[in-house]
Amino acid sequence: MTTTARIVTRGGQAAPRSKRRVEPIYYLFLLPSLILFTLAITIPGIIGIFFSFTDSIGIGDWQFIGFINYIAAFSDPAILESYLFTFGFSIATVIVVNVIAFLLAVGLTSRIRMKTALRAIFVIPMVVSGIIIAYVFNFLFSNSLPDVGAALGIPFLSTSLLANPDLAWIAIVIVTAWQAVPGTLLIYIAGLLAIPGDVYEAADIDGASKAQQLMRITLPLVAGYVVINVILGFKNFLNAYDIIVGLTNGGPGTATRSVAMTIIAGFNGGDYAYQMANATIFFVVAILVALLQLSVTRGRNAL
């Protein structure tokens, strides 16, 4: 670490002291992670970006073709549809996850019985594999839920949501939120437990209701945790893959095909260079989204 300090000279004036040198041992600790990151991510990424300017199918000979793959990607309806679905799904899921997780966190930090046991129960979904969760819910949406809908006389539930191009995304949001809520919940619980109890005692003395305390005390004081959950959640949902594969495999048709699914399907189908261009575009879009989020939240009450 580098620090600045001041020393007093004979004239009584403060003079800055030279910054302390960073110990070489810190670089030694950093070196293994830096090497692994470079070998596993940076170099393959650079190679992939290079091949996005070629006609490579992943093996064999290739030729340099310039920006043709990028021009084609921007005019490809399948790719544009996958971006539209991915961003719409991510926004909807972020909202659902944060609302549910925050309300659960408020309940699980209040004075209720067995709240420790309930916290343990609510975090179970985060330790289960996404593909396993998807297959379980696939059975529920395809068999159990239609039977319940038919028994209750509810028409839109009598058929599988996964087979409906207009409603399949709702099922994906539900399952993704079911797995994502626990991680978000733990962050909110940490934020709520960090709020001093004296604040609420003063609010009670002033006659503030529980709703007023929630809106005027709790929410402002956990704003930093909201920022963290929104940024982390949106980033993770942009990369949605395993749950969608297990539920709909991108169907019906291509109604629920995410960007990640489009890229991987292209790799398997011989469109290596073309989908590598798509992956590069997606990487740039993700960077721009991250920069936008940081600029919006800069100066706010963030951790």
Side-chain angles (χ1 to χ4, degrees), residues 40-41 44-45 48 58 78-98 100-101 121-145 160-187 229-272 274-276 278-283 285-287 289-290:
I41 297 178
I79 290 180
L80 296 178
E81 182 182 356
S82 68
Y83 274 85
L84 181 63
F85 167 77
T86 301
F87 276 87
F89 154 78
S90 299
I91 293 172
T93 309
V94 163
I95 295 173
V96 171
V97 167
N98 280 274
I100 294 176
I121 293 173
F122 277 114
V123 300
I124 289 176
M126 69 181 298
V127 301
V128 183
S129 170
I131 194 68
I132 295 176
I133 293 173
Y135 283 132
V136 171
F137 274 92
N138 188 317
F139 178 83
L140 295 177
F141 283 123
S142 301
N143 298 279
S144 303
L145 191 60
S160 174
L161 291 177
L162 304 178
N164 190 325
D166 298 323
L167 300 178
W169 68 271
I170 297 177
I172 296 174
V173 170
I174 292 173
V175 178
T176 305
W178 189 82
Q179 187 188 36
V181 161
T184 308
L185 170 66
L186 292 178
I187 295 177
N229 280 327
V230 169
I231 292 177
L232 292 179
F234 194 76
K235 179 189 74 68
N236 291 333
F237 301 144
L238 284 178
N239 298 319
Y241 180 77
D242 53 349
I243 287 180
I244 299 177
V245 169
L247 284 175
T248 64
N249 199 28
T254 58
T256 60
R257 177 171 286 188
S258 66
V259 177
M261 289 187 65
T262 303
I263 293 171
I264 293 176
F267 288 164
N268 296 331
D271 289 333
Y272 174 77
Y274 181 56
Q275 291 302 332
M276 188 56 69
N278 185 18
T280 303
I281 295 171
F282 190 51
F283 171 74
V285 170
I287 292 295
V289 169

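The shown structure was predicted, so the numbers you read here are calculated from the model rather than taken from an experiment. Atom set for the values below is all heavy atoms of this structure, side chains included, hydrogens, waters and symmetry mates excluded.
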Discussion item. With heavy-atom distances below 4.5 Å as the criterion, would you say the side chains of M261 and N249 are in contact?
Written reply: yes
Worksheet item: Minimum heavy-atom separation for L185 to A101, with atom names?
Response: CD1-O, 3.5 Å
Worksheet entry | N/O donor-acceptor pair under 3.5 Å between N138 side chain and G246 backbone | yes
Worksheet entry | Non-hydrogen side-chain atoms of L186 and M126 separated by less than 4.5 Å | yes
Worksheet item: What's the spacing between N278 CG and F283 CZ if we round to 0.5 Å?
Response: 14.0 Å
Practice prompt. Check whether any side-chain heavy atom of S142 lies under 4.5 Å from a side-chain heavy atom of L162, and answer yes or no.
Written response: yes
Worksheet item: Is there a donor-acceptor pair closer than 3.5 Å between any side-chain N or O of T248 and the backbone N or O of T256?
Response: no
Worksheet entry | Atom pair OH (Y241) and CD1 (I131), whose distance is rounded to the nearest 0.5 Å | 8.0 Å
Worksheet item: Do you know the tightest heavy-atom contact between I172 and F85?
Response: CD1-CZ, 4.1 Å
Discussion item. Once you measure the plane-to-plane angle for F89 and F237, does it fall in the parallel (<30°), tilted (30-60°) or perpendicular (>60°) bin?
Written reply: perpendicular
Worksheet item: Are T93 and T176 close enough that a side-chain donor and a side-chain acceptor fall under 3.5 Å?
Response: no
Worksheet item: Would F87 and L238 count as a side-chain contact (heavy atoms from CB on, under 4.5 Å) if you check the C-alpha gap in whole Å, the side-chain angles of each, and the deciding distance to 0.1 Å?
Response: CA-CA 7 Å; F87 276 87; L238 284 178; 4.1 Å; yes
Response to the item:
Between the CD1 atom in I263 and the CZ atom in R257, the distance rounded to the nearest 0.5 Å is 11.5 Å
Worksheet entry | Straight-line distance of L145 CG to F139 CZ, nearest 0.5 Å | 12.0 Å
Discussion item. Show the nearest heavy-atom pair for residues I187 and N229, with the distance to one decimal.
Written reply: CD1-OD1, 3.1 Å
Worksheet item: Say you draw a straight line from CG of L140 to CG of L247; how long is it, rounded to the nearest 0.5 Å?
Response: 10.0 Å
Worksheet item: Which atom pair, heavy atoms only, marks the closest approach of A177 to V96?
Response: CB-CG1, 4.0 Å
Worksheet item: Considering only heavy atoms from C-beta outward, does the side chain of V94 approach that of N98 to under 4.5 Å?
Response: yes
Discussion item. Under a 3.5 Å distance rule, please check whether S258 uses its side chain to pair with a backbone N or O of A240 as donor and acceptor.
Written reply: yes
Worksheet item: Of all heavy-atom pairs between P165 and A255, which one has the smallest distance, and what is that distance?
Response: O-CB, 3.9 Å
Worksheet item: Taking all non-hydrogen atoms of both residues, which atom of A92 and which atom of W169 are closest, and how far apart?
Response: CB-CZ3, 4.3 Å
Fill in: Backbone of F282 reached by a side-chain donor or acceptor of Y83 within 3.5 Å
yes
Worksheet item: Is there a side-chain contact between Y274 and I79, using heavy atoms and a 4.5 Å cut-off?
Response: yes
Worksheet item: With a 4.5 Å heavy-atom cut-off, do L84 and E81 have their side chains touching?
Response: no
Discussion item. Distance check, rounded to the nearest 0.5 Å: T184 atom OG1 versus N236 atom CG?
Written reply: 9.0 Å
Worksheet item: For V128, does its backbone N or O pair with a side-chain atom of Q179 as donor and acceptor, under 3.5 Å?
Response: yes
